Student: 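What follows is a structure written as structure tokens; I'll ask about it next.
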Amino acid sequence: MHNLKEIRKNFDTFKKALKKRLIDFDLEKLEKLDKQNRECILKKETLEKEKKDISKSKDKTLYTKSKEISVSIEKISKQQKIIKGDLEKILFNLPNIPHSDVPIGKDENDNVEIKRIGQIPNFDFKPKSHYELGEKLGMLDFDLATKTSGSRFVFVKNKLALLERAISNFMLDTHVTKNGYEEISPPLLASENTMFGTGQLPKFENDQFEVKVDKENDRKFLIPTAEVILTNMVKEKILDEDDLPLRFVASTPCFRKEAGSYGKDTKGMIRQHQFYKVEMVSIVEQSKCLDELERMTNCATGILDLLELPYRKVILCSGDMGFSAEKTYDIEVWLPSEKKFREISSCSSCSTFQSFRMRSRYRNKKKEILYTGTLNGSGLAVGRTLIAILENYQKKDGSITIPKVLRPYMNNSEKISLN
RNA sequence: GGAGAGAUGGCUGAGCGGUUGAAAGCACCGGUCUUGAAAACCGGCAAAGGGGCAACUCUUUCCUGGGUUCGAAUCCCAGUCUCUCCGCCA
């Protein structure tokens, strides 16, 4: 969320910057409401002062006047509340401003490839898709999941379940021991306010699974990513500069409705309502956001290097970036069956956008209170890593070679096969 | 689920319906002293929002939301959370 105090200093610059998203926002209305709101506050405060002075004076002759003032205050308060509500409706739904590094563009077609790493495998047979391989092994069962839970779910069984667990543990271990992240096992339900903090609410309510809670005014949501809960660990906190940077990592299930993606990736486990993801979150000084983004992206690609999977790094264009991000790199892994790179990680710097929503701040050496910068990135999506391993490491007979770094996590076995 | 107790500044902890944004202590920062440090002493030390070029100033905030009152941290109502005991349970 944007700091009104900052943007009103130069509304035109703000308007121009937001235009990069290539969507129209009613900023004139925002400006107007802001003005009206401040006028109301001014009037209200004048009256409040008057009233306070009377009550301090203890002058009984003024008591009736004080009552009259109360009525006026109430009236103007009501008016101000309505204006503030309208103002927030706009403000809460404005996305972050793209950083100047970000290419201007409309959608994923305008994203810019930065580099490719790794050798795209050459098969002397037609490579199978992960779901063909998984189903043939009897270790991926989509039909069963449909029966128990509906579309976009899967049962992962036997050695593939172990592989999934191995991937998750390997990633966690790497981020903890090599990359300096603190491992967290967080709650998987988040309150409404927490969802607001990272920007999932109010705009993207339709994408969230809400859990039925009997209490009124107490809404809970299944986390769509651990980013939500890890980032909010610093919600409403004033940290010390020496506490920064904070780096957290968690492996959690993630839940997404995938509303509006009907007919997209319906086959296989590319796009599921539930999937595991290892998520990294950093809380830093704002000035260090971009350096931290590079570092975090390297932590993500480091996993792919160790797994020896081919990938490319892409910078997202202004129109394709998420709501809270100022700059985002996607890491895309090669999928032989699709002959395409597919997203396996997304690393974003959100500058102070989320911090402002969460009121997460720190005190610098000069004792000034500043908003923290927040970053999040997958390191990596576990389900999609499983897919990438199946497809890239497949053999003609349908067996799967286990990447070397994962073997210690899999009783040192070298391959997964029918027997 | 039943029965009690509580929620005040970074922390601990006072608080009578009327300069209480809030005593005191700790922590922290600045100063004196010291070769340096510690101790001691002196001073400072909440956040958000509004107005002002600025010095500064005003408003709000003692869990949240209502109510009583000229005036509420203090009284009343509702809710949230925490703790203790009992029951149930992974």
Side-chain angles (χ1 to χ4, degrees), chain A residues 1-11 30-92 185-197 201 211-222 229 232-244 246 252-253 283 286 352-372:
Chain A
M1 191 164 76
H2 302 286
N3 189 342
L4 260 179
K5 227 179 3 183
E6 295 299 318
I7 62 181
R8 85 166 65 98
K9 279 185 197 159
N10 201 334
F11 236 102
L30 182 78
E31 196 173 6
K32 201 180 99 196
L33 287 168
D34 178 46
K35 215 175 148 195
Q36 288 177 349
N37 185 40
R38 281 185 295 153
E39 280 165 10
C40 278
I41 290 171
L42 200 62
K43 274 190 224 165
K44 199 175 86 175
E45 288 186 351
T46 313
L47 290 171
E48 274 165 349
K49 169 103 172 87
E50 212 176 318
K51 191 180 155 184
K52 206 169 182 176
D53 288 341
I54 290 174
S55 95
K56 262 186 192 167
S57 73
K58 296 188 207 172
D59 182 345
K60 282 188 181 139
T61 61
L62 294 172
Y63 285 179
T64 20
K65 188 171 180 215
S66 176
K67 273 222 150 178
E68 282 163 25
I69 294 173
S70 294
V71 176
S72 311
I73 291 179
E74 187 137 341
K75 212 168 116 194
I76 202 147
S77 280
K78 252 183 202 157
Q79 199 187 342
Q80 192 252 339
K81 257 184 200 162
I82 291 167
I83 292 169
K84 198 178 161 209
D86 292 346
L87 183 70
E88 287 180 338
K89 213 184 250 170
I90 299 174
L91 191 62
F92 289 173
S185 174
L188 304 179
L189 291 185
S191 69
E192 189 174 8
N193 182 260
T194 296
M195 295 286 278
F196 174 82
L201 294 181
V211 171
K212 198 179 168 202
V213 183
D214 290 335
K215 293 173 193 162
E216 255 181 292
N217 300 325
D218 180 27
R219 304 178 71 192
K220 296 212 192 303
F221 298 84
L222 284 162
I229 207 95
N232 273 282
M233 284 170 72
V234 294
K235 174 166 94 174
E236 283 154 37
K237 254 191 150 178
I238 301 179
L239 299 156
D240 205 86
E241 186 180 311
D242 295 337
D243 297 333
L244 303 176
L246 290 172
T252 69
I283 314 292
Q286 184 183 12
T352 57
F353 187 85
Q354 294 179 322
S355 285
F356 195 70
R357 295 177 152 245
M358 299 187 297
R359 313 206 65 70
S360 147
R361 294 158 289 167
Y362 73 98
R363 221 182 291 268
N364 69 9
K365 294 277 186 263
K366 287 186 209 156
K367 299 282 161 194
E368 296 164 321
I369 291 181
L370 302 166
Y371 285 94
T372 56

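Just so we're clear, the structure is a prediction, and the values are computed from it rather than from any experiment. Values below: every heavy atom of this structure, side chains too, minus hydrogens, waters and symmetry copies.
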Student: Between A:K365 and A:D242, is there a side-chain N and carboxylate O pair less than 4.0 Å apart?
Tutor: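 Salt bridge flag = yes for A:D242 with A:K365.
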Student: Please state the C1' separation for the pair B:G15 and B:G65 - nearest whole angstrom.
Tutor: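 So the two C1' atoms sit 24 Å from each other.
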Student: Should B:A37 form a Watson-Crick or G-U wobble pair with both distances under 3.5 Å, which nucleotide is its partner?
Tutor: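 Paired with B:A37, as far as the under-3.5 Å criterion goes, is no nucleotide at all.
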Student: For B:G67 versus B:G71, give the span between their P atoms, rounded off to a whole number of Å.
Tutor: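 Going atom to atom, P in each nucleotide, I get 12 Å.
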Student: Is it the case that A:T194 and A:S191 place a side-chain donor and acceptor less than 3.5 Å from each other?
Tutor: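 Indeed, the side chains of A:T194 and A:S191 share at least one donor-acceptor pair under 3.5 Å.
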Student: Is there a side-chain polar atom (N or O) of A:R361 under 4.0 Å from OP1 or OP2 of B:A48?
Tutor: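 Result: yes.
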Student: How far does the C1' atom of B:A46 sit from the matching atom of B:C33, given to the nearest Å?
Tutor: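 31 Å, rounded to whole Å.
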Student: Look at the side chain of A:E45 against the base of B:G51 and say whether a donor-acceptor pair falls under 3.5 Å; ignore hydrogens and angles.
Tutor: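 For A:E45, whose side chain was compared with the base of B:G51, there is no donor-acceptor pair (under 3.5 Å).
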Student: Given B:G51, B:C28, B:G49, identify the nucleotide with an atom nearest to the side chain of A:R38.
Tutor: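 Ranking B:G51, B:C28, B:G49 by closest atom to the A:R38 side chain puts B:G51 first.
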Student: Just to be sure I understand the rule, does A:K52 reach a base, reach only the sugar-phosphate, or reach nothing, if contact means heavy atoms closer than 4.0 Å?
Tutor: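 The residue A:K52 makes sugar-phosphate contact but no base contact.
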Student: Can you figure out which of B:G49, B:C58, B:C70 approaches the side chain of A:K5 most closely?
Tutor: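 Closest of the options to the side chain of A:K5: B:G49.
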Student: Should B:G1 form a Watson-Crick or G-U wobble pair with both distances under 3.5 Å, which nucleotide is its partner?
Tutor: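 Answer to the pairing question: B:C86, which forms a Watson-Crick or G-U pair with B:G1.
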Student: With a 4.0 Å cutoff (strictly under), does any side-chain N or O of A:K51 reach OP1 or OP2 of B:G71?
Tutor: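 Yes, such a contact exists.
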Student: Just name whichever nucleotide pairs with B:C81, Watson-Crick or G-U, keeping both distances under 3.5 Å, else none.
Tutor: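 B:C81 is paired with B:G6.
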Student: Which of these nucleotides, B:G50, B:C70, B:U60, is closest to any side-chain atom of A:I41?
Tutor: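 When the side chain of A:I41 is considered, B:G50 is the closest of B:G50, B:C70, B:U60.
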Student: Could you work out the separation of B:A73 and B:U60 based on their C1' atoms and round it to a whole Å?
Tutor: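 The same atom, C1', in both gives a distance of 14 Å.
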Student: What interatomic distance, in whole Å, is found between C1' of B:G17 and the corresponding atom of B:C76?
Tutor: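 Between the two C1' atoms, the distance is 13 Å.
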Student: With rounding to the closest Å, how many angstrom separate the P atoms on B:A3 and B:A23?
Tutor: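 Nearest-Å result for B:A3 against B:A23 at atom P: 39 Å.
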Student: Say you pick atom P in B:A5 and the same atom in B:A90; how far apart are they, in whole Å?
Tutor: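 Result for the P pair: 32 Å, nearest Å.
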Student: Any side-chain N or O of A:K56 below 4.0 angstrom from OP1/OP2 of B:U19?
Tutor: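 So the side chain of A:K56 is outside the cut-off, no N or O lying under 4.0 Å from OP1 or OP2 of B:U19.
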Student: Return the nearest nucleotide to the side chain of A:K49; candidates are B:A47, B:U59, B:G71.
Tutor: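 The closest nucleotide is B:U59.
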Student: Would you say a side-chain N or O of A:R363 is under 4.0 Å from OP1 or OP2 of B:C45?
Tutor: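 It does not, given that no N or O in the side chain of A:R363 lies less than 4.0 Å from OP1 or OP2 of B:C45.
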Student: What interatomic distance, in whole Å, is found between P of B:G79 and the corresponding atom of B:G2?
Tutor: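 It works out to 13 Å between them.
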Student: Go through B:G66, B:A48, B:C58 for me and flag the one nearest to the A:K81 side chain.
Tutor: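 Taking heavy atoms from C-beta onward, the closest nucleotide is B:G66.
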Student: I'd like to check the salt bridge (Lys or Arg N to Asp or Glu O under 4.0 Å) partners of A:E6; sequence neighbours left out, ordered by chain and number.
Tutor: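 A:E6 satisfies salt bridge (Lys or Arg N to Asp or Glu O under 4.0 Å) with A:K9 once adjacent residues are dropped.
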